[in-house]
Amino acid sequence: MIADQHAVTTHSSKLSLRQMMIIFLLAIVSVVILINGWLIWNSWQRTIASAQNDAHNLSQSLSRQAEDTFLQVDLTLQDVSDRISLIGLNQAQHGYLRELLSSRTSSLPQLNGMAIYDAQGNWLVTSRGNIPKQINNSDREYFRYHLTHADSRVHIGKVIRSRATGDLVIPVSLRLNNSDGSFRGILLASVNLSFFKTVYGYYNLGRHNVLALMLSDGTILYVRPYVESAINRNISDSPLFTTLLKNASSGTAVYKSALDGKERVFGYSALQRYSLVTAAGYDKGQLMRGWFSTLSVYIALCTILLLVIFLLGMLVLRHISLNQKNQLELTAVRDRLTAMNRTLQTLALVDGLTGLANRRQFDLYLQHSVDRAHKLQIPLALLMIDVDSFKAFNDSYGHPAGDDCLKRIADALTHLPHRPDNLVARYGGEEFAIILPGGDREVASRLAQQVVEAISALNIPHQHNSCGQQRVSVSVGLHVMTQENQILSPQALIAGADRALYVAKNAGKNQVAE
Ligand SMILES: Nc1nc2c(ncn2[C@@H]2O[C@H](COP(=O)(O)OP(=O)(O)OP(=O)(O)O)[C@@H](O)[C@H]2O)c(=O)[nH]1
């Protein structure tokens, strides 16, 4: 029972060790995943932040470049306008003005050409000299603008196709006034779109990244990569115009591009002098691919680390399981050995046929009882009991019947009214003995008599019993060790009882003798 409890306790404590190991493993794996997840997430945030910074710088660089480009054109237009104010627009001045426009056009690489139109939109002078007949520009957006706006600032319009050269150009125009302030006409400088193509081409950009120059109303003037259908497209519904520019003239943000729906990291910047906006956008997908390719070795190493931890954990768990199994087997073996040992001890002290104490136990107990009787100065009695004519019983009824008879006699002896410390033993063969510690003559005689009567009362038929009755009987030899007749050894006590038994046999059996 105690061994079982021990086994259960050992088993449960091993189970908890296994559970602890699993929890420890899970904790390590979780911590590794969390730390690396955080590092990876952090690295991605830094990639985005760096892209935002780059995009912002790029948009500001584009903004400065655009500002320089249009400022040069602006100053040129202002200069020519001042001269026109001085010399007028008479036919006589056309030659001079043509030369002037021509020289200014050739000194600015961004210019496609310059032209002066009268108040009806008719061409007066162009930098190219020859004026195509019956061409009128009053239908142009910039013409209508200046007609209705009296301010003297340059106006940058949407991209148009030049009627003189057929090129795509950005019109930069200035209103010319008469001395009374009324509308006199327009001075126009057309900026080549191809100029921006060249300048924006200098930047080293990935395939899906964009650069754009736009009017502040959301009209695209130029975009890289160049797509003709995107020119003059209005993207005022993009977050850039609906929110961002309303809050700050420059900055960064991540949003879906209005052009192709791709999510990009944008930097944007509004020009200070002109109603223009520049933007640079890095494709988020491309950024992620680049980021991931630099991180893939790290991720692979982390995965290997996790696998190693997992495998080591499995190995330790297996080891623990094996240990548990071995421990349980050892406990089971120990329990079996303990049980076997107990059986062996029992077998060594108990008679196999009758279940009574055997000769070995009889000897040990007799020695112990003799010692105790000496020590406590108490009497000790011994009964030697022998079945009468048992050879004849075996011969008549067979050996198995003899065994059965011995068992019944043993049972009857056990069930006599004994003191608790009496010992009934099978002394050998058909001979039994009863040790009575503290038993005096009177007690021993009474028990001996009860033995004879009890066996007789079993009424086991025995036709050839030489005692005269035809049932099984026993003879009893009794010897008592008292204060008066000190017997010094177990052997002496046995010899005394044996002698008495001999007397009982000789006196006709089925009786008690002392
Ligand atoms: N069936 C059986 N017989 C046993 C056992 N042990 C001893 N015997 C027999 O007991 C008999 C004892 O015979 P004897 O010693 O000649 O004595 P007895 O025939 O009883 O004669 P008395 O003792 O003079 O009455 C022998 O035949 C033994 O074989 C046993 O365990 N079983």
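Atoms within a ligand are numbered from 1 in the order they appear, just like the ligands themselves. Quick caveat: nothing in here was measured; it's all calculated off a predicted structure. Computed from heavy atoms alone, side chains included, the values below leave out hydrogens, waters and symmetry copies.
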Please work out whether any backbone atom (N, CA, C, O) or any side-chain heavy atom from C-beta onward of [X] is under 4.0 Å from ligand 1, and answer side chain, backbone, both or neither.
| X | answer |
| --- | --- |
| Asp403 | both |
| Val387 | backbone |
| His464 | neither |

Quiz item: Which of the atoms in ligand 1, numbered in the order shown and given with their element, are less than 4.0 Å from a heavy-atom of Asp386?
Solution: 23 (O)

Practice problem: May I ask you to list the atoms of ligand 1 that are less than 4.0 angstrom from any heavy atom of Gly402? | Solution: 1 (N)

Quiz item: Any luck finding a side-chain donor-acceptor pair between Ser250 and His56 under 3.5 Å?
Solution: yes

Quiz item: Between Asn510 and Ser475, does any side-chain donor sit less than 3.5 Å from a side-chain acceptor?
Solution: no

Quiz item: How far is atom 24 (O) of ligand 1 from its nearest protein heavy atom, and which residue and atom is that?
Solution: Lys509 NZ, 3.6 Å

Practice problem: Determine, using heavy atoms of Glu431 and all atoms of ligand 1, whether some pair is separated by less than 4.0 Å. | Solution: no

Quiz item: Out of Gly429, Ser466, Ser389, Gly352, whose heavy atom sits nearest atom 25 (O) of ligand 1?
Solution: Ser389

Quiz prompt | Nearest neighbour of atom 3 (N) of ligand 1 from the list Asn394, Val474, Asp388, on a heavy-atom basis | solution = Asn394

Practice problem: Please identify each residue that fulfils side chain to side chain donor-acceptor pair (under 3.5 Å) with Gln65, with sequence neighbours left out. | Solution: Thr69

Quiz item: So, is the end of the Arg264 side chain (NZ or CZ) under 6.0 Å from the ring centre of Tyr255 and within 45° of the ring's axis?
Solution: no

Quiz item: Hey, is NZ on Lys505 packed in by over 12 heavy atoms from elsewhere, all under 6.0 Å?
Solution: yes

Quiz item: What distance separates Tyr298 OH from Phe292 CZ, expressed to the nearest 0.5 Å?
Solution: 13.0 Å

